[in-house]
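If you read the sequence from its start, that first residue is 1, and numbering goes on from there.
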Amino acid sequence: MTLPIDPSQIDPDDIGEQQATLEMDHEEAIEHVREVFTDAGFGVPVEFSPSEMLNEKVDAGRDPYYVLGACNPEVADRALDATDNKLGALMACNVVIWEEAPGKQRVYHVSIMRIARLVGMAPDDDEMASIVADTGELVDEAFENL
């Protein structure tokens with residue numbers, strides 16, 4: 001299968017990539033990120049630890065890794081309408097926290113709204129541009145407060 005886009009040509013801004021490093025333990029970072037994203041207008045309806053599951057199921061030996069599935073209900077509702085419900089396949093907007101070293105956590109996020117447009121799941125129109133802008137502002141606020 002040939003990809004319709006060249007991943008090496010994608011600028012991190014094209015996918016809304018954001019990263020931050022937190023100097024705290026893993027559990028404290030999870031709580032902090034959850035609180036900051038909630039304060040920025042997101043709910044967190046889904047969260048789980050892939051590292052715990054993989055370490056238990058296949059003895060993967062992974063360092064702490066956690067996923068917060070963040071969602072702003074108003075924007076999510078608009079995005080489902082704008083994409084004929086297709087965007088639901090990418091929901092929620094994941095924020096990932098992994099331990100780079102003891103006391104050092106990486107927080108990582110990409111925009112599902114921007115990715116949906118890049119792969120053709122969402123239209124490249126004014127409504128979707130407004131949704132991308134709105135979610136971008138919310139995520140920017142959250143990362144500024146990390």
Side-chain angles (χ1 to χ4, degrees), residues 3-57 60 62-101 103-146:
L3 293 175
I5 55 177
D6 180 355
S8 69
Q9 298 300 310
I10 296 175
D11 185 291
D13 289 339
D14 292 341
I15 58 172
E17 182 180 76
Q18 297 231 25
Q19 299 184 59
T21 301
L22 302 176
E23 301 289 335
M24 58 183 70
D25 73 30
H26 191 68
E27 292 302 319
E28 182 182 6
I30 293 167
E31 294 302 319
H32 179 65
V33 172
R34 184 186 300 113
E35 181 179 304
V36 166
F37 271 79
T38 300
D39 289 348
F42 291 92
V44 182
V46 177
E47 55 185 283
F48 63 102
S49 173
S51 60
E52 286 181 13
M53 187 245 334
L54 293 170
N55 290 345
E56 178 186 316
K57 300 291 184 185
R62 293 199 167 269
D63 291 333
Y65 189 99
Y66 203 81
V67 178
L68 294 173
C71 183
N72 177 282
E74 189 271 335
V75 176
D77 186 49
R78 289 171 48 210
L80 285 172
D81 286 344
T83 64
D84 295 326
N85 293 321
K86 293 175 187 169
L87 194 74
L90 298 177
M91 286 181 175
C93 299
N94 290 329
V95 182
V96 183
I97 304 124
W98 70 81
E99 186 173 76
E100 291 187 325
K104 184 177 179 182
Q105 313 305 316
R106 174 66 56 136
V107 181
Y108 183 82
H109 168 79
V110 294
S111 168
I112 65 169
M113 305 302 178
R114 288 178 181 268
I115 290 171
R117 281 198 327 194
L118 281 174
V119 300
M121 290 175 68
D124 189 12
D125 62 13
D126 290 343
E127 175 60 19
M128 199 64 202
S130 173
I131 292 167
V132 167
D134 290 347
T135 57
E137 288 175 15
L138 295 169
V139 170
D140 286 346
E141 177 185 334
F143 270 84
E144 287 170 10
N145 292 314
L146 284 177

State which residues pass side-chain hydrogen bond (donor to acceptor under 3.5 Å, both in side chains) with [X]; sequence neighbours excluded, sorted by chain then number.
X    : answer
T21  : none
R117 : none
R106 : Q19, E100
D6   : S8

How long is the gap from [atom1] on [X] to [atom2] on [Y], to the nearest 0.5 Å?
X    : Y    : atom1 : atom2 : value
E56  : R62  : CD    : CZ    : 15.0 Å
L68  : H109 : CG    : NE2   : 12.0 Å
D134 : N72  : CG    : CG    : 8.5 Å

For [X], which residues count as a side chain to side chain contact (heavy atoms under 4.5 Å, CB included) partner, sequence neighbours excluded?
X    : result
D125 : P123, E127, M128
P73  : none
S49  : S51, E52, Y66
L146 : A20, L22, H32, V33, V36, V107, F143

Please enumerate all residues that pass ring pair (Phe, Tyr, Trp, His ring centres under 6.0 Å) together with F42, with sequence neighbours excluded.
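Ring pair (Phe, Tyr, Trp, His ring centres under 6.0 Å) list for F42, sorted by chain: F37.
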Heavy-atom closest pair, residues [X] and [Y]:
X    : Y    : value
V110 : I115 : CG2-CD1, 3.6 Å
S111 : R114 : OG-N, 3.0 Å
A82  : I131 : CB-CD1, 3.9 Å

Residue pairs fulfilling side-chain hydrogen bond (donor to acceptor under 3.5 Å, both in side chains) with at least one residue in residues 135-146, sequence neighbours excluded:
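side-chain hydrogen bond (donor to acceptor under 3.5 Å, both in side chains) check on residues 135-146 returns Q18-D140.
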Pair listing, salt bridge (charged side-chain N to carboxylate O under 4.0 Å, His left out) test, anchored in residues 19-33, at least two apart:
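Qualifying pairs: E31-R34.
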Side-chain contact, heavy-atom cut-off 4.5 Å: Y65 with H26?
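No, too far: nothing below the 4.5 Å cut-off.
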Is there a side-chain contact between R78 and V75, using heavy atoms and a 4.5 Å cut-off?
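R78 reaches V75 side chain to side chain.
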Hey, mind stepping through S130 and D126 against side-chain contact (heavy atoms from CB on, under 4.5 Å) and telling me if it holds?
CA-CA 6 Å; S130 173; D126 290 343; over 6 Å; no
Validation: residues 85-97 side-chain donor-acceptor distances under 3.5 Å, sequence neighbours left out:
none

